[in-house]
Every structure is written in structure tokens, then in C-alpha cells.
Number of protein chains: 4
Amino acid sequence: MGKSGDDTTPRTRTEDKLEKLLTVAAALMAKQGYDQTTIRDVGRETGFSLAGMYYYFKGKEDLLAQIQKRTFASLLCEQERVVNDGGSPEEQFRHLVRNHLSFFTRHMNELKVCTFELESVKGEPYDEIERIRRSYFKLTADAVGGLVGQTGKKTDRERRIRHITLFVFGMLNWVFMWFEDDRDNPVDHLADDMVDLVLTGVSGAS
Amino acid sequence: MGKSGDDTTPRTRTEDKLEKLLTVAAALMAKQGYDQTTIRDVGRETGFSLAGMYYYFKGKEDLLAQIQKRTFASLLCEQERVVNDGGSPEEQFRHLVRNHLSFFTRHMNELKVCTFELESVKGEPYDEIERIRRSYFKLTADAVGGLVGQTGKKTDRERRIRHITLFVFGMLNWVFMWFEDDRDNPVDHLADDMVDLVLTGVSGAS
Amino acid sequence: MGKSGDDTTPRTRTEDKLEKLLTVAAALMAKQGYDQTTIRDVGRETGFSLAGMYYYFKGKEDLLAQIQKRTFASLLCEQERVVNDGGSPEEQFRHLVRNHLSFFTRHMNELKVCTFELESVKGEPYDEIERIRRSYFKLTADAVGGLVGQTGKKTDRERRIRHITLFVFGMLNWVFMWFEDDRDNPVDHLADDMVDLVLTGVSGAS
Amino acid sequence: MGKSGDDTTPRTRTEDKLEKLLTVAAALMAKQGYDQTTIRDVGRETGFSLAGMYYYFKGKEDLLAQIQKRTFASLLCEQERVVNDGGSPEEQFRHLVRNHLSFFTRHMNELKVCTFELESVKGEPYDEIERIRRSYFKLTADAVGGLVGQTGKKTDRERRIRHITLFVFGMLNWVFMWFEDDRDNPVDHLADDMVDLVLTGVSGAS
DNA sequence: TATGAATGAGGATTCATTCAT
DNA sequence: GATGAATGAATCCTCATTCAT
């Protein structure tokens with residue numbers, strides 16, 4: 001009757017180890033940066049031997065790529081669900097910001113690594129991750145598009161949508177630089193302040 | 001009668017060499033990151049020998065610190081002048097954003113290195129740079145404060161000022177991630193879209 | 001009642017698998033060298049798991065030793081039969097060269113590994129292989145001895161026999177370095193040119 | 001009155017160090033093979049620190065390439081001089097073999113590394129070395145051509161020249177495998193036996 | 001001022017091998 | 001017979017830094 005079967009422990013154990021590896025690596029990379037994080041650090045923190053970890057990833061870069069792919073895919077998936085929930089443009093936008101920040105608090109390290117270590121992954125894995133990232137940008141830009149009125153020239157409107165979307169990402173991604181668990185949790189105020197700023201500006205109701 | 005003496009240029013030459021060193025280093029670090037940039041890279045790009053450069057800086061970290069200190073101090077200085085020029089709160093804010101973006105285009109590499117390699121400098125040099133940074137934050141926060149109405153509780157207001165200031169920095173600093181010389185120059189539109197968003201939100205006059 | 005049972009193939013299967021392992025390993029080692037060939041390579045090429053192969057050999061060195069022992073023993077055995085077939089000294093020599101080259105084309109990889117990776121096997125297995133090798137040398141030296149006239153001092157004659165035998169091995173073993181299946185097959189011309197050179201020198205009948 | 005000036009010691013010292021590095025490396029690689037020779041071995045044997053050696057070569061492969069290039073070039077140069085000295089075809093051939101074996105005794109380690117570690121160098125350096133090698137082959141083949149009579153079809157003659165040249169290289173290169181300083185020095189007998197075999201075959205005058 | 005030469009410390013990665021299952 | 005998971009040891013190489021000149 002349990003949700004998870006009680007038989008297939010072996011495979012689960014292996015999965016769990018990979019999980020732990022990725023989590024610990026993300027934490028270290030978030031704190032010290034990708035370059036400053038050594039594979040040995042990850043081993044020390046997880047209890048793995050240096051060579052033992054290479055069973056789970058092909059190399060340091062692959063380790064980072066695995067983190068990024070998982071995290072971005074998961075975030076994109078959540079946000080697509082948010083969009084599918086419908087609502088007025090304003091409501092949708094608010095939900096997106098709220099959930100992004102909620103995801104942020106749930107996976108701070110992983111998301112930080114996704115945001116600031118993008119250029120450390122190259123080649124095909126990069127392309128794959130880049131594709132997900134673009135999808136997320138598109139999704140957000142569409143939400144912003146819903147907020148921007150039809151006035152003025154079409155190219156002006158498109159430029160503004162692009163700019164405002166980039167501003168929103170700027171605000172969201174910069175949170176990593178100043179967020180402190182004690183002071184800034186829960187993120188509701190933060191989310192509302194951000195949404196209000198976008199919807200009505202400083203002088204807004206609030 | 002020239003501005004710069006035409007006689008004993010030696011000291012000037014030395015200054016020029018340091019200048020070149022810092023410029024090249026900033027360019028490399030902006031493109032590849034601090035960790036990925038080797039002192040040898042800087043030597044290759046400047047024509048200096050590896051050992052020769054150590055006359056100009058104490059070590060790799062000092063090289064970065066020199067760039068950061070100069071650049072931040074220069075930016076802060078400019079912005080203080082902007083504030084001293086006076087004007088309505090809205091005008092002041094607009095001037096600050098515009099000049100920040102202007103400075104950005106004039107010193108992109110240096111400013112990027114200031115923004116994203118802060119944690120690579122430690123100890124006393126870090127503290128010194130941190131102090132300048134804080135002054136800049138304070139200056140900007142005050143400008144934002146001028147925009148935020150007096151309504152509501154005092155702590156709410158202060159929280160909002162802080163948040164909005166951080167949002168503004170987020171928007172500004174994130175520009176590094178997407179700015180393209182060909183497409184996004186000149187930065188007037190960009191500055192105006194940003195200011196308008198802050199002042200009136202999406203639906204704003206614009 | 002046949003020599004090999006047609007029922008319990010298991011043992012046969014095991015033999016076959018060892019066979020495949022040795023063949024593939026020989027091919028890899030012939031192409032890349034012993035050091036550059038990893039046990040993993042062999043696994044990948046045979047479909048075996050890394051650990052699974054250790055049922056068939058004690059270690060990498062043993063794998064090589066098995067190949068060498070089998071191959072050398074087989075070659076020696078064939079050549080002893082050739083010698084036992086009798087004939088004039090010239091005929092015997094010609095047959096030996098021909099059959100060596102025939103063996104070469106039938107087991108190129110294995111023989112190459114025998115010829116160029118001798119020093120990679122150590123200890124007792126080495127001694128065993130070395131013994132076979134010496135027998136082969138003796139057998140060939142005797143055939144050469146049949147060609148060398150009795151003139152002159154005995155020590156001179158022995159020296160010449162030794163040298164010429166070594167020259168013959170040099171010619172034969174060096175074939176690995178330049179032989180190309182398309183161009184140099186069949187090996188009859190090659191064998192004849194070699195025998196003729198030894199028997200009569202450049203200016204020979206041919 | 002000294003041949004070499006007494007002033008330029010500095011540059012000479014550096015040259016000497018590279019010289020020593022190459023010599024020691026060649027000795028180690030000749031004994032243990034390229035793969036089995038570690039850069040650390042070279043350091044230990046020369047007194048250099050591990051990193052210090054990288055001032056003289058770009059990497060392990062480059063170290064090998066430097067040895068091969070120098071040695072092959074030097075050998076080719078010597079043999080070209082031999083050819084230019086003229087003489088009958090037989091005399092030329094004898095001189096070539098003698099000088100090759102003389103070079104062999106003077107640079108045994110280097111030449112061994114040239115002969116048996118060719119495939120360890122790749123890319124452009126390989127091509128360069130390959131070019132020299134081909135020149136040496138051509139030079140030898142021409143000398144052999146002088147010995148082979150005009151009888152028979154042209155293609156047959158060319159085939160024989162090619163084969164005999166390859167046989168000669170086989171004999172010469174295989175010497176590495178059995179040569180022992182005490183027993184086989186001086187190499188005059190060896191050279192004469194080889195030349196006689198080629199010129200007149202086993203039954204030759206000698 | 002400037003550099004050639006050198007080094008210590010450290011980092012990613014590979015590989016043969018093992019062992020519980 | 002076979003394998004998934006793990007490891008110790010070793011290897012190549014890079015880099016910031018120094019010092020005699």
C-alpha cells in the first residue's frame with residue numbers, strides 16, 4: 001500500500017547516491033563557484049572516494065551539466081503548469097513570479113548554479129540546457145506581453161516586452177546576491193513588491 | 001605648453017603600462033571569468049613577460065582589486081556629481097539610471113568584473129571595495145526613497161525602498177548578460193524603459 | 001561418442017568466450033599497443049562487463065601472456081612439422097619462411113603482440129614464453145646453419161649463422177611495420193624475394 | 001684560441017639543460033617504452049622539478065617529438081653526406097650500412113625511440129618527422145636500386161627494390177632487439193655480414 | 001624595470017582491480 | 001559465470017609566484 005514499493009531498493013539506492021552527489025555539488029558550487037569547487041571537495045562532503053564518483057558523472061563539467069539540466073527542466077515544468085492554470089494576465093504574472101521565488105527557496109543552490117555558471121558548460125550539453133532556458137524566457141516574455149498595452153508602434157511594443165522581461169529576470173536573478181534566509185523569508189513580500197513594481201511602478205497602490 | 005609634459009615621460013609611461021595591464025586584464029576577466037584568466041594570458045595579451053608584470057601588482061588578486069577599486073570609485077564619483085546636480089526625485093532617478101548605463105557602455109569590462117567577481121577579492125582590499133559599494137547602494141537607495149510615498153507603516157516603506165533598490169540593481173547588473181553592442185546601442189531606450197517601469201509600471205504612459 | 005560432445009555445450013561456450021576475448025584483445029593491442037589498450041576497451045568491444053572478464057584471466061598481464069603463449073606455441077608447432085617434412089636445406093629454409101609468412105597472415109594481430117609486447121610480461125609467465133621463443137630461434141638457426149658452408153674458422157661460421165638468423169628474424173618481424181593487406185597479399189612474392197636474397201643476394205637469379 | 005668562446009655561457013647552459021633532458025628521456029624511453037616512462041622519471045633522473053621541465057617542452061608527447069626530430073634529422077644528414085661521397089653502388093651501400101650502425105652505437109637510445117615509438121607522436125609533429133623518415137627511406141631505396149640488375153620486367157624490379165629495402169631496414173632496426181654492447185661491439189663484423197648477405201647471399205665469398 | 005628559469009602545490013582524470021551480490 | 005559499484009594509486013599538466021640577474 002506504500003507509495004513506493006519495498007522491493008526495488010537497489011536501484012533506488014543508486015539513484016539516491018546520485019541525488020546526494022548533485023545536491024552536495026550544487027551547494028559547494030553555489031557557495032564557492034564552479035572553478036573553485038574541486039571534485040575532491042565533493043568527495044569529502046559526500047564520503048565518496050575521488051574515483052568512485054566518476055561512476056556517476058563523466059567529469060566535472062558533466063556534473064554541472066546534470067545539475068543544470070535537471071533544475072532548469074524542473075523549473076520550466078512547474079511554470080508551464082502555472083501558465084496552464086489560467087487567470088487574468090496580472091494573476092498569471094503574479095503566479096509566475098511567486099512560483100519562481102518559491103522554487104528559488106526550495107532549490108536555491110541548484111538555481112544559483114543554473115544562473116551563474118552557464119558558461120562553464122560547453123558543447124552539446126550547453127545547447128540542450130540553452131534550449132530549456134530559451135523556452136523559459138519565451139514563457140515569461142509571453143506573460144509580460146499580456147501586461148503590455150497595444151498602444152504605439154508594434155516594434156516599440158516588442159522592444160518594451162523584451163526589455164521588461166529582461167528586467168524581470170534581472171530582478172529575479174539578482175535576488176541570489178542579497179537574499180538571506182533569516183531576513184527575507186518568507187518570500188511573499190518580496191514577490192508582491194516585485195509584481196507591484198512591474199504592474200504599477202513605485203507610486204503603486206501597495 | 002602641452003597638457004602633458006614632453007620631457008621626462010618615464011613616470012607617465014609607467015602609469016600607461018599599468019593602465020594597459022588593467023584594461024587588458026579586465027577584458028580577459030570579463031570574458032572568461034577571474035578564475036579562468038591566467039596571469040600568463042595577461043602577459044601574452046600585453047606583451048609583458050610573466051615576471052615583469054609583478055612590478056605592477058602584488059599578485060593576481062591584487063590585480064583584480066585594483067580594477068575594482070578604480071572602477072567603483074570612478075562610478076561612485078560620477079553618480080555623486082549627478083545627485084549634486086539636483087532636480088526632482090524623478091529627474092534625479094532618471095539621471096542616475098542613464099549615467100549608470102552610460103558608464104556601463106564606457107567601461108563594460110571593468111564594471112562586469114566589479115559586479116561578478118566581488119567574492120574573488122578577500123581581506124582588507126575587499127573591505128575597502130565593499131565600503132565604496134555600500135556608498136553607491138546608499139546613494140541609489142536614497143534616490144529611490146525620494147520616489148516612494150509616505151503612505152503606510154514606516155517599516156513597510158523601508159522594506160519597499162530596500163526591495164526596489166535591489167530590483168533596480170538587479171535590472172542594471174543583469175544587462176551584462178544580454179547586452180549586445182550592435183543591437184542595444186545607444187542605451188537611451190533601455191534607460192527610459194527601465195525608468196518608466198520603475199516610475200509607472202508596465203501600463204505606464206510610455 | 002564424438003570427440004566433442006554435442007550435448008552439454010556449456011564448457012564449449014566458455015571456451016568460445018575466452019577465444020573471443022583473446023582475439024579481440026589481440027586486435028586492440030596490435031593496433032594501439034599493450035599500454036594504450038585498457039581492459040575497458042576489451043570489455044566494450046566484446047560486450048563483456050568490466051568485472052565479468054576477470055573470470056577468464058587473472059589480470060591484464062595474464063591476458064597478454066595467454067595470447068603470447070598460445071600463439072607462439074602454435075607457430076612453433078607448425079614450423080616443427082615443416083622441418084620434419086624434410087627436403088634439401090634450401091627447400092627447408094624456403095618452407096620455413098613461407099609458412100612463417102603464412103602464419104603471419106592468418107594471425108597477424110596475435111603475432112604482432114607476440115613480437116612487440118614481449119617485455120610487458122614478466123616473471124614466470126615470461127620465462128615460459130621465452131623458452132618457446134628460444135626453441136623457435138634454435139629451429140631457425142639450424143635451418144640457416146644448413147645453408148652456411150664449412151669454409152673458414154668455426155667461430156666465424158657460428159657468428160655468421162647467428163647474425164644471419166637474426167637478420168632473417170629482422171626481415172620477418174619488420175613486415176608488421178609496412179604490410180598492407182591490399183597491396184602485399186598474397187605473400188608469395190614477398191617470401192620468394194626474402195628467400196632469394198638470403199640464398200643468393202641482390203644479384204641473384206630471380 | 002678555444003673553438004667556443006668563453007663568454008656566452010648563459011645561453012649555452014640552457015641549451016645544455018635541454019640536451020640533458022632529451023638524453024635522459026631517450027634513455028628511459030628506450031629502456032621502458034614511452035608509455036611506461038613518466039615525466040616524473042625524467043625529473044628524478046635529471047634533478048629537475050616536475051614543473052620545471054615544462055619550460056623545455058610542451059608536454060610528454062612534445063618531448064618525444066623533439067628527440068625524434070633531432071635524431072632523424074641528424075641521421076639523414078649524415079647519410080646524405082655518405083651518399084655524396086660517391087663510390088661504386090656496392091661501396092655506397094656498404095658505407096650506408098656501416099654508418100647507420102655506427103650512428104646506432106653512438107645514439108642507441110635516441111634511435112630506438114625513433115624506431116619504436118613513432119606512433120606515439122601525432123598530428124603535425126608526426127607529419128614533420130614522417131617526412132624526414134620518408135627521405136631516409138628514399139635515400140636507402142636508391143642505394144639498393146643501384147645494386148639490383150636491370151633484368152626482367154620493370155614492375156618486378158621495382159617490387160624487388162622495395163622489398164629488399166624493407167628487408168634491409170628490418171635487419172637494421174631489429175638489431176635493437178638483440179644487440180649487446182659487450183658481445184657485439186665493434187659493429188664491423190655485423191655490418192659486413194649484413195652487407196655480404198645482401199650482396200651475395202649466404203653462400204657468399206666471405 | 002624587466003625577464004629567464006624554476007618550483008610547490010594542487011587539480012582532473014584514468015585505470016586495473018576487487019567484492020558483495 | 002556475471003556485474004554494479006567502488007577505490008587506491010598514479011599520471012599529466014597548470015598556475016601563481018619567486019629570484020637571481
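Predicted model, so just to flag it, every value in this text is computed and none were measured. The chains referred to below are lettered A, B, ... by the order of the sequence lines, with proteins before strands, and numbering in each begins at 1.
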Check the distance between [N]'s [atom2] and [X]'s [atom1] and give it to me in whole angstrom.
X	N	atom1	atom2	result
D:Gln36	F:dC12	CD	C1'	15 Å
D:Phe48	E:dG8	CZ	P	13 Å
A:Asp41	E:dA12	CG	C1'	13 Å
D:Asp62	F:dC12	CG	P	14 Å
C:Lys17	F:dG1	NZ	C1'	7 Å
C:Met53	F:dA2	CE	C1'	11 Å
B:Arg44	E:dT3	CZ	P	15 Å
A:Leu18	F:dA6	CG	C1'	15 Å

In this structure, which one of B:Arg133, B:Lys122, B:Lys69 forms a salt bridge (charged side-chain N to carboxylate O under 4.0 Å, His left out) with B:Glu128?
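Only match with B:Glu128 under salt bridge (charged side-chain N to carboxylate O under 4.0 Å, His left out): B:Lys69.
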
Can you check whether C:Tyr56 has a side-chain N or O nearer than 4.0 Å to OP1 or OP2 of F:dA2?
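For C:Tyr56, the contact criterion (side-chain N or O under 4.0 Å from OP1 or OP2 of F:dA2) is met.
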
Below 4.0 angstrom from OP1 or OP2 of E:dT1, is there any side-chain N or O of B:Thr14?
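Answer yes for this pair, as a side-chain N or O of B:Thr14 is under 4.0 Å from OP1 or OP2.
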
Within a reach of under 6.0 Å around CD of B:Glu130, are more than 12 heavy atoms found that belong to other residues, nucleotides or ligands?
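Yes, because the 6.0 Å sphere around CD of B:Glu130 holds more than 12 heavy atoms from other groups.
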
Within 6.0 Å of CD in D:Gln32, more than 12 heavy atoms from elsewhere
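Count over threshold, so yes.
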
Begin with the C-alpha distance, continue with both residues' side-chain angles, and end with the deciding distance and a verdict on salt bridge (Lys or Arg N to Asp or Glu O under 4.0 Å) for A:Arg13 and A:Asp16.
CA-CA 5 Å; A:Arg13 281 234 192 91; A:Asp16 285 355; over 6 Å; no

Taking only nitrogen or oxygen atoms into account, show me every contact under 3.5 Å that the protein makes with nucleotides 17-21 of chain E, one pair per line with its distance.
| unit_1 | atom_1 | unit_2 | atom_2 | d |
| --- | --- | --- | --- | --- |
| E:dT17 | OP2 | C:Tyr54 | OH | 3.2 |
| E:dT17 | OP2 | C:Lys60 | N | 2.8 |

By a strict heavy-atom criterion of less than 4.0 Å, which residues belonging to residues 19-30 of chain A are in contact with DNA chain E?
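Contacts with DNA chain E under 4.0 Å: none.
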
Angle between ring planes, B:Phe116 versus A:Phe116, binned at 30° and 60°: parallel, tilted or perpendicular?
tilted

Does [X] reach the main-chain N or O of [Y] with its side chain, forming a donor-acceptor pair under 3.5 Å?
X	Y	result
C:Thr71	C:Ile67	yes
C:Gln66	C:Tyr56	yes
B:Gln68	B:Glu117	yes

C:Asp35 vs B:Gly47, nearer the 5' end of DNA chain E by closest nucleotide:
B:Gly47

With DNA chain E as reference, determine whether C:Thr38 or B:Tyr55 sits nearer its 5' end, using the nearest nucleotide of each.
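Of the two residues, B:Tyr55 wins.
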
Both B:Tyr34 and A:Gly52 contact DNA chain F. Taking the nearest nucleotide for each, which residue is further toward the 5' end?
A:Gly52

Is there side-chain contact between [X] and [Y], with at least one heavy-atom pair below 4.5 Å?
X	Y	result
D:Val24	D:Lys20	yes
D:Ile39	D:Phe57	yes
D:Phe176	D:Met108	yes

Name the stems that DNA chain F belongs to, where each is three or more consecutive Watson-Crick or G-U pairs with both distances under 3.5 Å?
E:2-21 with F:2-21

Only one of C:Leu118, C:Val113, C:Leu22, C:Ile129 passes side-chain contact (heavy atoms from CB on, under 4.5 Å) with C:Leu64, and that residue is C:Val113

